[in-house]
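Values below: every heavy atom of this structure, side chains too, minus hydrogens, waters and symmetry copies. Numbers restart at 1 for each chain; the letters A, B, ... are given by sequence-line order, proteins then strands.
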There are 2 protein chains.
Amino acid sequence: MKLSVKSDYAARAVLGLARAFVTGAARKVEELALEQGIPGNYLVQILLELKTKQLVRSVRGKDGGYLLARPPGQITLGDVMRAMHGEVLDPPALGDPQCPLELREAWARLKAAAEQAADSLDFQTVLEQSGDREKMYYI
Amino acid sequence: MKLSVKSDYAARAVLGLARAFVTGAARKVEELALEQGIPGNYLVQILLELKTKQLVRSVRGKDGGYLLARPPGQITLGDVMRAMHGEVLDPPALGDPQCPLELREAWARLKAAAEQAADSLDFQTVLEQSGDREKMYYI
DNA sequence: GTCGCTCTTCACGGAAAGCTTCACGGCCCG
DNA sequence: CGGGCCGTGAAGCTTTCCGTGAAGAGCGAC
């Protein structure tokens, strides 16, 4: 099942903001877009949705832009996916009474597994993985 | 992320065939379609794809129809999803060199988790769950 | 206060995929 | 040889995805 690029773009944007989180400065949309290879006007919509879901916040005017609403450790891949698509994984069978109950339970398990995995991947950890990689070069 | 109904339909069809597996008889497409609430002409295409992926086989002519190619215990939800969509879960980031490496690793983990979960759900187990439920009614 | 910078909002549109249906040809059995 | 069933391809319709554009509104600088 192919995922949409939207959640991918969103995750990249959050990662970009996570890197700047310690500085406390806001990052501009166009700057993020160029850095991450995302169409600027599309990224605008994505950030807007992330904002309504309280994952990021915005600052207007000069030196404005976007920044994370919480520390990177408190934002997970699951949060981002839910912000974009409502659910991490949503099997249509769960809402269809015609689907045999035992099969619906199987889909529910798959959904739970994906959700659990996505919720255990937070952006602080992702950042630290890149840090670990850099350290290795010093050896 | 919403899944398509296609893999849902496919799973229902496989479950219907799994129930009839012990009898060794082939089930007709239209029969399965009515029982599972699937558009008949669409189910034909699905079964055709399942057949090319060697999950089911067909018998032509009178008393023809479809049956499982292997025992229900050797067919998993992962098999069905891969037959329909190529992958259980396919994040576009994995094929995009512009995506930061550490983020791609996070997507890869999510994918692996979903795959592992889907592959551990086989149809024999699903059948037995419905059996367990029936037993409970006898208490 | 006005000007430039930035986010905000809304609307549009092409492209692709998903879902469904139709039509016709081929195989098997009585 | 004829009826029932699978095999195959193609054609619509609908919805979602992806991306673009332009006009409106808050903030700071001067």
Side-chain angles (χ1 to χ4, degrees), chain A residues 1-13 17 20 25-34 36-53 55-69 81 83-87 90-93 96 98, chain B residues 1-13 17 25-34 36-69 81 83-87 90-93 96 98:
Chain A
M1 194 68 211
K2 252 179 62 173
L3 298 185
S4 74
V5 297
K6 195 176 184 183
S7 43
D8 176 23
Y9 287 169
R12 287 194 216 179
L17 295 179
R27 300 205 60 193
K28 292 174 205 170
V29 174
E30 204 50 40
E31 187 184 303
L32 265 179
L34 288 176
Q36 302 287 346
I38 308 173
N41 279 327
Y42 193 29
L43 182 57
V44 166
Q45 294 180 36
I46 291 172
L47 286 169
L48 233 23
E49 288 187 60
L50 288 175
K51 184 186 167 185
T52 69
K53 298 302 191 324
L55 295 184
V56 305
R57 58 197 179 81
S58 64
V59 178
R60 299 176 93 135
K62 184 149 194 184
D63 290 331
Y66 282 89
L67 45 168
L68 290 191
M81 294 188 71
M84 294 295 103
H85 303 115
E87 298 261 12
D90 180 24
D96 186 350
Q98 277 205 294
Chain B
M1 196 70 210
K2 255 179 59 173
L3 298 185
S4 75
V5 298
K6 196 176 183 182
S7 43
D8 176 23
Y9 288 168
R12 288 193 215 180
L17 295 179
R27 300 206 61 192
K28 292 174 204 167
V29 174
E30 204 51 39
E31 188 184 303
L32 264 179
L34 288 176
Q36 303 286 346
I38 306 172
N41 281 327
Y42 192 28
L43 182 56
V44 166
Q45 294 180 36
I46 291 172
L47 285 169
L48 231 25
E49 288 188 60
L50 288 175
K51 184 185 166 185
T52 68
K53 298 301 190 326
Q54 315 270 346
L55 295 183
V56 306
R57 57 198 180 82
S58 66
V59 179
R60 301 178 92 132
K62 185 150 194 189
D63 291 331
Y66 282 88
L67 45 168
L68 291 191
M81 294 189 71
M84 294 294 103
H85 302 115
E87 297 260 11
D90 180 25
D96 185 351
Q98 278 206 294

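- One atom, CD1 of I46(B), and another, P of dG7(D), lie 15 Å apart when rounded to the nearest Å.
- The side chain of S58(B) contributes no N or O atom lying less than 4.0 Å from OP1 or OP2 of dC5(D).
- Distance from the side chain of N41(A) is smallest for dT20(D) among the nucleotides dC6(D), dT20(D), dC19(C).
- With rounding to whole Å, K2(A) atom NZ is found 13 Å from dT16(D) atom C1'.
- Remark: Y9(B) is in phosphate contact with dT20(C), judged by side-chain N or O atoms under 4.0 Å from OP1 or OP2.
- Q45(A) comes within 4.0 angstrom of a base, heavy atoms only.
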- Message: Before you tell me yes or no, could you show the steps for L48(A) and Y66(A) under side chain to side chain contact (heavy atoms under 4.5 Å, CB included), namely the whole-Å CA-CA distance, both residues' side-chain angles and the distance that decides it to 0.1 Å?
- Response: CA-CA 10 Å; L48(A) 233 23; Y66(A) 282 89; 3.7 Å; yes
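- Following rounding to the nearest Å, Y66(A) (OH) and dG26(D) (P) show an atom-to-atom distance of 15 Å.
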- Decide side chain to side chain contact (heavy atoms under 4.5 Å, CB included) for L3(A) and M84(A); before the verdict, give the C-alpha distance in whole Å, the side-chain angles of both, and the deciding distance to 0.1 Å. CA-CA 11 Å; L3(A) 298 185; M84(A) 294 295 103; over 6 Å; no
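- The shortest distance between the side-chain N/O atoms of S4(B) and the OP1/OP2 oxygens of dA17(C) is not below 4.0 Å.
- Nucleic acid contact for V29(B): sugar-phosphate only, since backbone atoms but no base atoms lie under 4.0 Å from a heavy atom of the residue.
- In this structure, the CZ atom of R27(B) is 16 Å from the C1' atom of dC6(D), given to the nearest Å.
- Within a 6.0 Å radius of CG in D63(A), no more than 12 heavy atoms belonging to other residues, nucleotides or ligands are found.
- Side-chain atoms of P39(A) lie closest to dT20(D) of the nucleotides dT21(C), dT20(D), dC7(C).
- One finds a side-chain N or O of K28(B) lying less than 4.0 angstrom from the OP1 or OP2 phosphate oxygen of dC5(D).
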- Kindly indicate, with the supporting measurements, whether the criterion side chain to side chain contact (heavy atoms under 4.5 Å, CB included) is fulfilled by R27(B) and L67(B). CA-CA 7 Å; R27(B) 300 206 61 192; L67(B) 45 168; over 6 Å; no
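- Rounded to an integer number of Å, the gap from K6(A) NZ to dA15(C) P is 21 Å.
- Between dC27(C) and K62(B), no contact under 4.0 Å exists linking OP1 or OP2 to a side-chain N or O.
- As a whole-Å value, the separation of M84(A) CE from dC18(D) P is 12 Å.
- Residue G40(B) is out of contact with every strand shown, counting any heavy-atom pair closer than 4.0 Å.
- Across all strands shown, V59(A) has heavy atoms under 4.0 Å from sugar-phosphate atoms exclusively, and none from any base.
- Of the side-chain N and O atoms in Y42(B), none sit less than 4.0 angstrom from OP1 or OP2 of dC22(C).
- Separating the CD atom of E31(B) from the P atom of dC5(D) is a distance of 10 Å, rounded to the nearest angstrom.
- Shortest non-hydrogen contact noted between G64(A) and K28(A) is O-CG, 3.7 Å.
- Minimum atom distance to the side chain of L48(B) is reached by dT8(D), of the listed dG24(D), dC6(D), dT8(D).
- Between the CG atom of L47(B) and the P atom of dC6(D) there is a distance of 9 Å, rounded to whole Å.
- One finds a side-chain N or O of K51(B) lying less than 4.0 angstrom from the OP1 or OP2 phosphate oxygen of dG7(D).
- What you find for A33(B) and G40(B) is that their closest heavy atoms are CB-CA, 3.8 Å.
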